[in-house]
Amino acid sequence: MSKEIFNPTRFNKSKNPDFDHVLEAHLSRRGVLKGGLGLSAMATFGAFGLAGCGSSNNSGSSAAAVSKASLGFDSIAGSKTDAVSVPPGYTAQVLAPWGQPITAEGSAWQADGTNNATDQANAMGMHHDGLHFFPLNDEGTDGLLCVNHEYIDQNALHPNGSDKDADGIRSSVDQVRKEINAHGVAVVRIQLQGGQWQTVDNDPLNRRYTGATTMDISGPLANSSMLETPFSPDGSQARGTLNNCGNGYTPWGTYLTCEENWPGYFINKGATTADQDRIGIDTSGTTRYGWETVAGSDEELVDEFTRFDVTPTGNSASEDYRNEANGHGYIVEIDPYTANSRAVKRTALGRFRHEGCTFGKLAEGQPIVFYSGHDSRFEYMYKFVSDALWDPADAETTDRMAMGDKYMDAGTLYVARFDADGVGSWLPLTLDSMTTDGGVLADHFATLADIILNTAGAADLVGATPMDRPEWCAVDPFTGSVYLTLTNNTRRDETTGTNPANPRLNNKFGHVIRWDEGEAHTEFTWDIFVFGSDAAGDANTNLSGLNEFNQFASPDGLAFDQRGIMWIQTDNGADEVENYTNDQMLAVVPSQLTDADGNLDVINADNQAQLRRFFVGPNGCEVTGFTITPDYTTMFVSIQHPGNWPYSSNAAEQTPAGMSLRPRASVVAIRKSDGGELGV
Ligand code: FEO
Ligand code: CA
Ligand code: CA
């Protein structure tokens with residue numbers, strides 16, 4: 001969730017184990033981290049989604065346990081301008097901004113906001129977020145960029161903002177369709193020519209998935225009566241993907257888009273269900289954008305607006321859209337390499353506000369693990385462990401969605417309990433799982449599909465640890481350690497208490513936690529890698545000793561490249577840091593940070609130079625989403641909800657003082673001026 005649309009409601013009303021105010025020992029826990037540098041090497045199959053494109057990079061060759069990457073730039077100062085900032089010797093290019101047409105049916109973006117719904121369905125969506133580059137050649141100069149479009153700014157989208165009246169009632173069907181079409185995912189072919197990236201207009205692989213696109217349902221909820229709607233009587237399909245925030249990709253070359261803050265798009269003014277109460281479906285007024293308020297219009301097609309009102313009005317699910325929201329809240333898989341391929345919602349990975357989806361260290365003959373956090377205050381961290389065992393040959397398949405069927409439809413969903421002393425347990429969410437009151441989940445749920453539908457409710461019952469808003473996950477390709485951003489939680493107070501994994505009251509700056517999996521799928525060890533803070537923060541706040549050149553707040557986007565560099569992006573809402581700099585991206589090589597005993601270290605006062613600010617975004621924006629070409633010469637990030645940018649194709653060129661632009665979220669392509677490897 002972006003801070004722009006953050007809903008402060010505490011949806012988790014459970015009383016799960018919060019410990020009293022524990023603020024000790026968070027640094028010493030590093031000593032119990034398993035393995036230190038001795039963990040086995042990682043196979044890098046499909047690390048860049050190369051499957052099927054003939055590349056030799058995904059050879060599965062093993063790597064050493066310590067990254068050899070050395071950051072080759074000096075930390076840059078903070079910035080508060082209508083421009084991006086990069087280190088000396090780097091360039092930043094605006095690429096594929098909101099509204100740029102990508103298929104022949106779209107017409108050119110108009111600076112007055114007058115493009116219609118059809119234009120928007122054939123153009124880049126709004127508010128770019130997670131993204132991934134899928135190469136089409138060995139050089140990585142030609143490829144497909146998949147981009148999430150999380151939400152919209154109605155003031156920028158329309159000539160004069162939203163048409164809603166004082167009661168939130170909409171009147172323009174085209175405006176509402178345009179908003180639905182500005183959500184979802186874009187797939188656009190891009191090529192590097194003369195040091196500049198260009199989109200390939202009307203490429204056959206270009207396409208949009210919007211808030212209205214028909215998608216298939218797979219996994220435990222496929223063909224469930226809980227997904228029956230007049231549109232899909234057999235419960236096999238759902239329409240649209242909404243609030244696509246973080247992303248992932250798979251070892252077999254598909255894209256994963258994550259449905260995050262979707263409950264706000266649906267309303268139930270009647271009797272609500274347990275899962276609706278737990279997740280926070282609207283019950284009064286109108287939905288976030290009021291799309292349901294144009295239901296019944298003469299122009300409405302196939303209940304395209306009616307479906308957002310899930311109030312039971314008929315005699316059964318065949319007569320109303322009571323089940324429409326049940327088709328949302330999932331990880332969605334897309335095959336970018338196949339034109340117009342149908343997206344599939346993988347329900348086995350749980351239903352909640354998915355921030356991202358990251359696979360763990362691959363090992364032949366072992367299950368694949370996918371990690372996904374639930375971004376809301378006091379919500380949980382989840383992992384899915386596949387039944388199928390990883391076969392590296394599957395990285396080369398051309399039937400990619402069949403690999404999703406193989407690895408993502410059957411398995412076990414777990415939720416994390418972080419215990420004191422740096423140990424933790426993954427608690428399975430299955431019918432026979434023990435609940436904290438001595439029973440089993442089968443006392444509360446009849447089927448696995450029931451558990452999935454109300455994933456967070458099931459997690460309450462088994463005693464998961466309420467976290468400070470789990471955002472993105474990233475896996476160190478050398479050590480296999482998993483890192484998770486916990487962006488902030490200012491509602492963690494004396495009443496809620498702290499717990500060892502979320503040890504700060506009024507956690508306005510957030511932190512990055514990490515863990516190593518144990519021998520069993522149910523065990524892990526953990527510590528806290530870095531606490532966000534302003535440089536002037538007191539001893540109870542600036543626990544990691546940050547200084548002017550790496551102070552940050554609200555870590556959100558997180559990624560490793562395969563050289564072992566971790567990139568941390570921010571969605572900051574803390575004035576102490578915001579007064580110094582706009583949102584930013586920092587870099588660090590965690591596997592190189594070791595203490596005197598050779599164990600992985602955390603960020604502390606002695607290693608400040610290892611955490612460096614690499615990039616700063618323009619005023620008003622959030623920096624989010626990360627992907628890099630296989631040769632590490634271009635990095636793509638998203639600039640979401642900028643205030644008055646971009647002025648030109650040079651992302652680092654400032655909007656002239658006094659000039660007011662219609663802002664456009666955009667991809668930014670970062671390169672070295674000499675075309676060399678980034679970051680080192
Ligand atoms: Fe859309 Fe949790 O960030
Ligand atoms: Ca985010
Ligand atoms: Ca955020």
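Note that ligands are numbered from 1 as they come in the structure, with each ligand's atoms numbered from 1 the same way. Reckoned from all heavy atoms, side chains included, excluding hydrogens, waters and symmetry mates.
- With Asn488 as the partner, the side-chain hydrogen bond (donor to acceptor under 3.5 Å, both in side chains) test is satisfied by one option alone out of Lys508, His511, Arg469: Arg469.
- In this pair, Phe266 and Phe308 present their aromatic rings tilted. The plane angle is within the 30 to 60° band.
- Taking the six-membered ring for Trp and thresholds of 30 and 60 degrees, Phe352 and His354 have ring planes inclined between 30 and 60 degrees apart.
- Counting only heavy atoms from C-beta outward, the side chains of Lys383 and Trp426 approach each other to under 4.5 Å.
- The atom of Glu355 nearest to the Ca ion (ligand 2) is OE2, with the search restricted to N, O or S atoms.
- Put simply, the angle at the Ca ion (ligand 3) from OD2 in Asp556 to OD2 in Asp571 is close to 100°, to the nearest 10°.
- Nearest N/O/S atom of Glu471 relative to the Ca ion (ligand 2): this is OE1.
- Here the N, O or S atom of Glu150 that is nearest to atom 1 (Fe) of ligand 1 is OE2.
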